[in-house]
Asks: 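The structure that follows is given in the form of structure tokens.
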Amino acid sequence: KGIKVVCLSGPLDMQYISFLESDMKITFSRVDSDTAALREEGGQSDDIAGKEAITKLFRDRSGKEDMSVRFEKLGEKAPAAVLNLSESDRRFDDMMKFYSTSRNEKTDDPSYSLILNSSSPLITKLCDAASKDAENEKLVSAVKQIWYLSLLAQRRLTADELYCFINDSFSSIENSL
């Protein structure tokens, strides 16, 4: 899609980027830090039935009431949901990894933004179901699965999150038989 990409995977790349940004007045950000470049024509989606109900369900299931939930047209082949971490939080996490420490999940809550791909058939079905019955057990289960999968694509799950994800997955399989 015409995005210029630089692969920086070495241990000193973070410091090198900081040097370039301060010295040359340029800015680097990860390709997945913003979905603006990935959007199709007509990118934002405002006229979706069940949008408020789905937003509330994702916030409830994630435990993050102030989380940003956006609907964007990313294309049918793109993932149904993408969880973004702000660039400053991502750099903080990279710095913590460099010093072999980790974020305290209870006090240092990162600011996530959940982007739901309104071009995805899964999100379309989810919104249709939410506009009819937002408390449907299958709908709530699907929202949980999508949340955990998008979280898993972003980082490792905590022990509690992994336990819930595995149990929900087994329940979904059992209910589908």
Side-chain angles (χ1 to χ4, degrees), residues 1-3 5 29-90 93 103 105-106 108-177:
K1 295 201 173 202
I3 302 170
V5 178
S29 63
R30 287 179 48 139
V31 174
D32 62 351
S33 69
D34 186 19
T35 58
L38 303 175
R39 273 189 228 133
E40 291 182 329
E41 293 298 321
Q44 297 279 353
S45 300
D46 295 326
D47 57 339
I48 299 171
K51 183 177 177 178
E52 292 80 22
I54 290 294
T55 299
K56 183 180 181 326
L57 279 171
F58 273 105
R59 286 181 178 155
D60 289 348
R61 298 305 163 232
S62 68
K64 299 177 184 314
E65 291 299 317
D66 58 342
M67 178 177 64
S68 168
V69 179
R70 300 188 321 249
F71 289 80
E72 296 181 5
K73 295 178 182 177
L74 303 177
E76 288 185 18
K77 293 182 180 179
V82 177
L83 189 63
N84 280 342
L85 187 60
S86 71
E87 189 67 24
S88 60
D89 280 337
R90 185 184 310 279
D93 285 347
R103 180 187 294 269
E105 294 295 328
K106 291 182 178 29
D108 300 328
D109 197 23
S111 57
Y112 288 115
S113 178
L114 182 67
I115 293 95
L116 299 174
N117 181 4
S118 56
S119 298
S120 166
L122 175 61
I123 299 301
T124 304
K125 287 180 185 178
L126 208 63
C127 290
D128 289 343
S131 66
K132 295 172 187 162
D133 180 16
E135 298 301 318
N136 181 339
E137 189 176 317
K138 285 185 176 182
L139 175 67
V140 171
S141 176
V143 165
K144 280 198 247 182
Q145 291 293 97
I146 292 169
W147 167 250
Y148 282 128
L149 289 170
S150 61
L151 193 59
L152 189 58
Q154 184 61 245
R155 64 167 173 81
R156 279 188 178 170
L157 298 179
T158 64
D160 290 338
E161 291 168 340
L162 184 60
Y163 178 79
C164 290
F165 175 64
I166 289 171
N167 282 339
D168 290 343
S169 297
F170 283 134
S171 294
S172 294
I173 293 168
E174 184 179 335
N175 292 336
S176 69
L177 297 177

Asks: Hey, what do you get for CD1 (I54) to CG (L116), rounding to the nearest 0.5 Å?
Replies: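 The CG atom of L116 is 7.5 Å from CD1 of I54, to the nearest 0.5 Å.
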Asks: Roughly how far, to the nearest 0.5 Å, is the CD atom of E52 from the CG atom of L57?
Replies: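 Interatomic distance, L57 CG to E52 CD, rounded to 0.5 Å: 12.0 Å.
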Asks: With rounding to the nearest 0.5 angstrom, report the CG to SG distance, L122 to C127.
Replies: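 SG of C127 is found 9.5 Å from CG of L122.
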Asks: So, does R59 use its side chain to make a donor-acceptor pair with the main chain of D66 at under 3.5 Å?
Replies: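 No, because the side chain of R59 does not come within donor-acceptor range (under 3.5 Å) of the backbone of D66.
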Asks: Does anything in residues 114-140 form a ring-ring contact (aromatic ring centres under 6.0 Å, His included)? List the pairs, not counting sequence neighbours.
Replies: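 ring-ring contact (aromatic ring centres under 6.0 Å, His included) check on residues 114-140 returns no pairs.
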Asks: Who passes ring-ring contact (aromatic ring centres under 6.0 Å, His included) against Y148, sequence neighbours left out?
Replies: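 Only F165 meet the ring-ring contact (aromatic ring centres under 6.0 Å, His included) criterion with Y148.
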Asks: Output every pair passing ring-ring contact (aromatic ring centres under 6.0 Å, His included) with a member in residues 113-137, not counting sequence neighbours, ordered by first then second residue.
Replies: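 Counting only pairs at least two positions apart or across chains, no ring-ring contact (aromatic ring centres under 6.0 Å, His included) contact touches residues 113-137.
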Asks: Give the intermediate values and the outcome of side-chain contact (heavy atoms from CB on, under 4.5 Å) for residues I123 and F71.
Replies: CA-CA 9 Å; I123 299 301; F71 289 80; 4.2 Å; yes
Asks: Pair T158, Y163 - check side-chain contact (heavy atoms from CB on, under 4.5 Å), show working.
Replies: CA-CA 9 Å; T158 64; Y163 178 79; over 6 Å; no
Asks: Show every ring-ring contact (aromatic ring centres under 6.0 Å, His included) that has at least one partner inside residues 114-137, sequence neighbours left out.
Replies: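 Qualifying pairs, neighbours excluded: none.
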Asks: If you look only at pairs with a residue in residues 130-144, which of them pass as a side chain to side chain donor-acceptor pair (under 3.5 Å), with sequence neighbours excluded?
Replies: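 Residue pairs passing side chain to side chain donor-acceptor pair (under 3.5 Å), neighbours aside: S141-S172.
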Asks: Please find the pair of heavy atoms, one from S118 and one from T124, that lie closest to each other, and give the distance.
Replies: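 That would be O-OG1, 3.6 Å.
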Asks: Taking all atoms of both residues into account, what is the closest heavy-atom pair of Q154 and N84, and its distance?
Replies: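 Shortest heavy-atom contact: NE2-CA, 4.0 Å.
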Asks: If I take atom CG from residue N167 and atom CD from residue E174, how far apart are they, to the nearest 0.5 angstrom?
Replies: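 So the gap between those two atoms works out to 11.0 Å.
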Asks: One thing to verify: whether R155 and E161 come together as a salt bridge, which I'm taking to mean a side-chain N less than 4.0 angstrom from a carboxylate O.
Replies: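 Result for this pair is yes, salt bridge flagged.
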Asks: Any ring-ring contact (aromatic ring centres under 6.0 Å, His included) pairs touching residues 115-138, not counting sequence neighbours?
Replies: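 For residues 115-138: none.
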Asks: Kindly say whether S119 contributes a backbone atom to a donor-acceptor pair with the side chain of E76 at under 3.5 angstrom?
Replies: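 A pair under 3.5 Å: no.
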Asks: If you apply the rule side-chain hydrogen bond (donor to acceptor under 3.5 Å, both in side chains), what do you find for S169 with Q145, and how did you get there?
Replies: CA-CA 7 Å; S169 297; Q145 291 293 97; 3.3 Å; yes
Asks: Please find the pair of heavy atoms, one from L83 and one from M67, that lie closest to each other, and give the distance.
Replies: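 Shortest heavy-atom separation between L83 and M67 comes out as CD1-SD, 4.4 Å.
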Asks: Taking N117 for the side chain and L74 for the main chain, is one N or O donor matched with an acceptor at less than 3.5 Å?
Replies: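 The answer is yes, because a donor-acceptor pair under 3.5 Å joins these two groups.
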Asks: Give me the atom names and distance for the closest heavy-atom approach of L139 to A129.
Replies: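 Closest approach of L139 to A129, heavy atoms only: CD1-CB, 4.1 Å.
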Asks: Hey, what do you get for OH (Y112) to OG (S62), rounding to the nearest 0.5 Å?
Replies: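 Interatomic distance, Y112 OH to S62 OG, rounded to 0.5 Å: 10.5 Å.
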Asks: Run the side-chain contact (heavy atoms from CB on, under 4.5 Å) check on S113 and R70 step by step: do they pass?
Replies: CA-CA 8 Å; S113 178; R70 300 188 321 249; 3.1 Å; yes
Asks: Quick check: closest heavy atoms across L114 and S150, and the distance to 0.1 Å?
Replies: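 Heavy atoms of L114 and S150 come nearest at CD1-OG, 3.9 Å.
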Asks: Is any side-chain heavy atom of L126 closer than 4.5 Å to a side-chain heavy atom of F58?
Replies: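 They are in contact (side-chain heavy atoms under 4.5 Å apart), so the answer is yes.
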